[in-house]
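What follows is a single structure, written as structure tokens, with notes after it.
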Amino acid sequence: MKGEAGVDLPEALPSGPSAFIPIEEILEEGPAQEVTSDTLLSEGRVDHINMMMGLHPTYLTCFLRTQNALLQLDGPLPLSWRHFIIILASARHQCSYLVQHHSTAFLLAGGDESWLRGLHCAPPKIQHLQTLNKLLAHRPWIITQEHIQELVCPGAEARWSLAELIQAIVLMSHAHSLASFVWGCGILPEPEQSGDQSLQLCSPTESCSPQDKARNPQEWSDAVNEVQLLMERMMMVQQQGEEFTQEEMVTRFERERTESLLEPADVQCSVFPDCFSRFVVDADFTYQDFSPRGAQSPPTMRAQDYSWEDHGFSLMNRLYGEMAQLLDEKFQVVCALTYHTMAMHSHVDTSTLRKAIWNYIHCIYGIRYDDYNYGEVNQLLERSLKVYVKTVACHPEKTTPRMYFSFWRQFRHSEKVHVNLLLMEARMQAALLYALRAITRYMT
Ligand SMILES: CC(C)C[C@H](N)C(=O)O
């Protein structure tokens with residue numbers, strides 16, 4: 001940018017709720033008024049996360065209901081503990097927004113200030129959650145009944161009851177997925193958080209101006225054609241009546257899974273700033289892809305062997321009934337969410353596309369649906385979208401503005417936020433399924 005004297009002026013730092021989405025577009029698109037009136041009054045004000053989710057009010061309502069039940073209603077864990085668990089979980093994804101917000105809430109709930117010096121200052125019982133926190137965040141498929149047993153077995157020092165443990169598990173996976181949302185939407189610190197320099201450094205400060213989006217006529221018409229092409233593919237997928245053998249279906253799943261290994265290569269752990277490392281043990285432990293079909297490849301979880309609807313829900317219902325209902329509703333709402341729009345088009349059936357996104361995330365987490373043809377993922381999700389989805393779901397802290405802007409260049413921001421909702425819920429469900437399966441095995 002040139003000033004009057006032709007001197008280069010620094011671009012203004014992004015302000016508002018998101019580094020990726022101009023505030024005007026959020027206010028324009030979002031039915032902020034409605035949302036602020038009822039749901040948010042209790043919160044006192046609308047924070048950046050809620051403003052973003054407010055682009056999808058139906059979802060926001062059930063999200064807040066769940067979050068409120070988790071953090072404020074009666075439950076086995078003391079309120080301050082719940083905030084502390086969220087801090088531990090969000091630190092794994094270097095999410096300063098959540099660490100800071102819940103540090104304040106922790107103190108307000110009467111938490112002991114010294115715990116904020118680091119995990120080692122918290123009681124051993126909380127420290128013992130570290131392993132599960134780490135696995136839930138990065139490789140939930142490794143969780144076994146032994147991990148559960150170590151925490152709840154009657155002989156264990158500082159033992160967890162199953163009721164407490166299930167609440168802690170929901171809190172951790174809630175925080176991990178919310179960290180994905182924060183990074184995926186480029187959520188900026190709240191005004192009162194900005195003062196803390198050490199945390200500010202860890203937030204997405206780089207932003208892209210709208211000019212970075214396709215603006216010249218050629219690029220624009222390419223973009224329009226891309227949407228057209230995608231819609232044609234969606235129609236094709238819907239009409240395909242072809243039947244494939246089970247073997248072919250498995251091969252297609254494996255192909256997607258293996259190809260996803262080739263996505264973001266730069267996943268080496270960068271420096272872990274101190275504001276997070278004090279809450280994290282074994283910081284180098286991150287998402288590790290399944291090795292391509294071979295010796296150590298962990299077995300796929302087949303959805304018909306363990307699914308939320310048939311297995312996870314009923315176990316959770318026994319151990320933490322209100323939460324099971326709330327989560328179930330949230331999953332249903334997010335899966336059904338549609339405005340029948342695609343960028344500049346309306347009256348479109350987008351179910352195949354939304355399903356492909358959901359199933360792709362489960363595929364990255366090793367969950368396979370027997371009756372789903374993974375060829376559809378390949379036909380409907382362009383490479384830049386896959387890169388973005390995989391990064392936000394597995395390594396959210398590596399999300400860059402470039403990734404956000406490169407996929408679906410002609411779609412609305414609210415549609416990209418919609419992708420993030422699918423992403424965070426699919427991720428949360430995947431992690432919960434593995435944890436619940438381990439509890440089932442422990443109990444039987
Ligand atoms: C994620 C988006 C493509 C969703 C689409 N706008 C719909 O309303 O269904």
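Note that these values count all heavy atoms, side chains included, but never hydrogens, waters or copies made by symmetry.
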>> Which residues pass the side-chain hydrogen bond (donor to acceptor under 3.5 Å, both in side chains) test with T338, not counting sequence neighbours?
In response: T350
>> Within a 6.0 Å radius of atom CE on M235, are there more than 12 heavy atoms belonging to other residues, nucleotides or ligands?
In response: no
> With a cut-off of under 6.0 Å to the ring centre and 45° to the axis, is K416 in cation-pi contact with F20?
Replying inline: no
> E259 side chain to E256 main-chain N or O, any donor-acceptor pair under 3.5 Å?
Replying inline: no
>> Whether the N420 and Y388 side chains hold a donor-acceptor pair (N or O, under 3.5 Å, no angle test) is what I'd like checked.
In response: yes
>> Name the residue from H138, R92, H176 that meets the side chain to side chain donor-acceptor pair (under 3.5 Å) definition with N133.
In response: H176
>> For a quick check under 3.5 Å, do T245 and E247 share a side-chain donor-acceptor pair by atom type?
In response: no
Just list the side-chain donor-acceptor pairs under 3.5 Å for residues 314-324, sequence neighbours left out, or say none.
residue, atom, partner, partner atom, Å
S314, OG, H311, O, 3.1
Y320, OH, Q167, NE2, 3.2

> Within 45° of the ring axis of F285 and under 6.0 Å from its six-membered ring centre, is that where the NZ or CZ of R139 lies?
Replying inline: yes
> Do R427 and Y365 meet the cation-pi criteria used here (NZ or CZ under 6.0 Å from the six-membered ring centre, within 45° of the axis)?
Replying inline: no
>> Parallel, tilted or perpendicular, judged at 30° and 60°: which one describes the rings of F253 and Y374?
In response: perpendicular
> Looking just at side-chain N and O atoms, do Y404 and H413 make a donor-acceptor pair shorter than 3.5 Å?
Replying inline: yes
> Is E232 atom CD crowded by more than 12 heavy atoms from other residues, nucleotides or ligands, each under 6.0 Å away?
Replying inline: yes
> If we only count heavy atoms from C-beta on, is the M403 to S384 side-chain gap below 4.5 Å?
Replying inline: no
> Which of these, Q238, H340, M342, sits in a side chain to side chain contact (heavy atoms under 4.5 Å, CB included) with D349?
Replying inline: Q238
> Parallel, tilted or perpendicular for W408 and F411, by the 30°/60° rule?
Replying inline: parallel
> Between Y372 and H362, is a ring-ring contact (aromatic ring centres under 6.0 Å, His included) present by the stated rule, with each step listed?
Replying inline: CA-CA 12 Å; Y372 184 72; H362 275 190; over 10 Å; no
> How are the rings of W160 and W81 set relative to one another: parallel (under 30°), tilted (30 to 60°) or perpendicular (over 60°)?
Replying inline: perpendicular
> Looking only at side chains, do Y369 and Q304 share a donor and an acceptor under 3.5 Å apart?
Replying inline: no
> Using 30° and 60° as the class limits, which term best fits the ring planes of H101 and Y97: parallel, tilted or perpendicular?
Replying inline: parallel
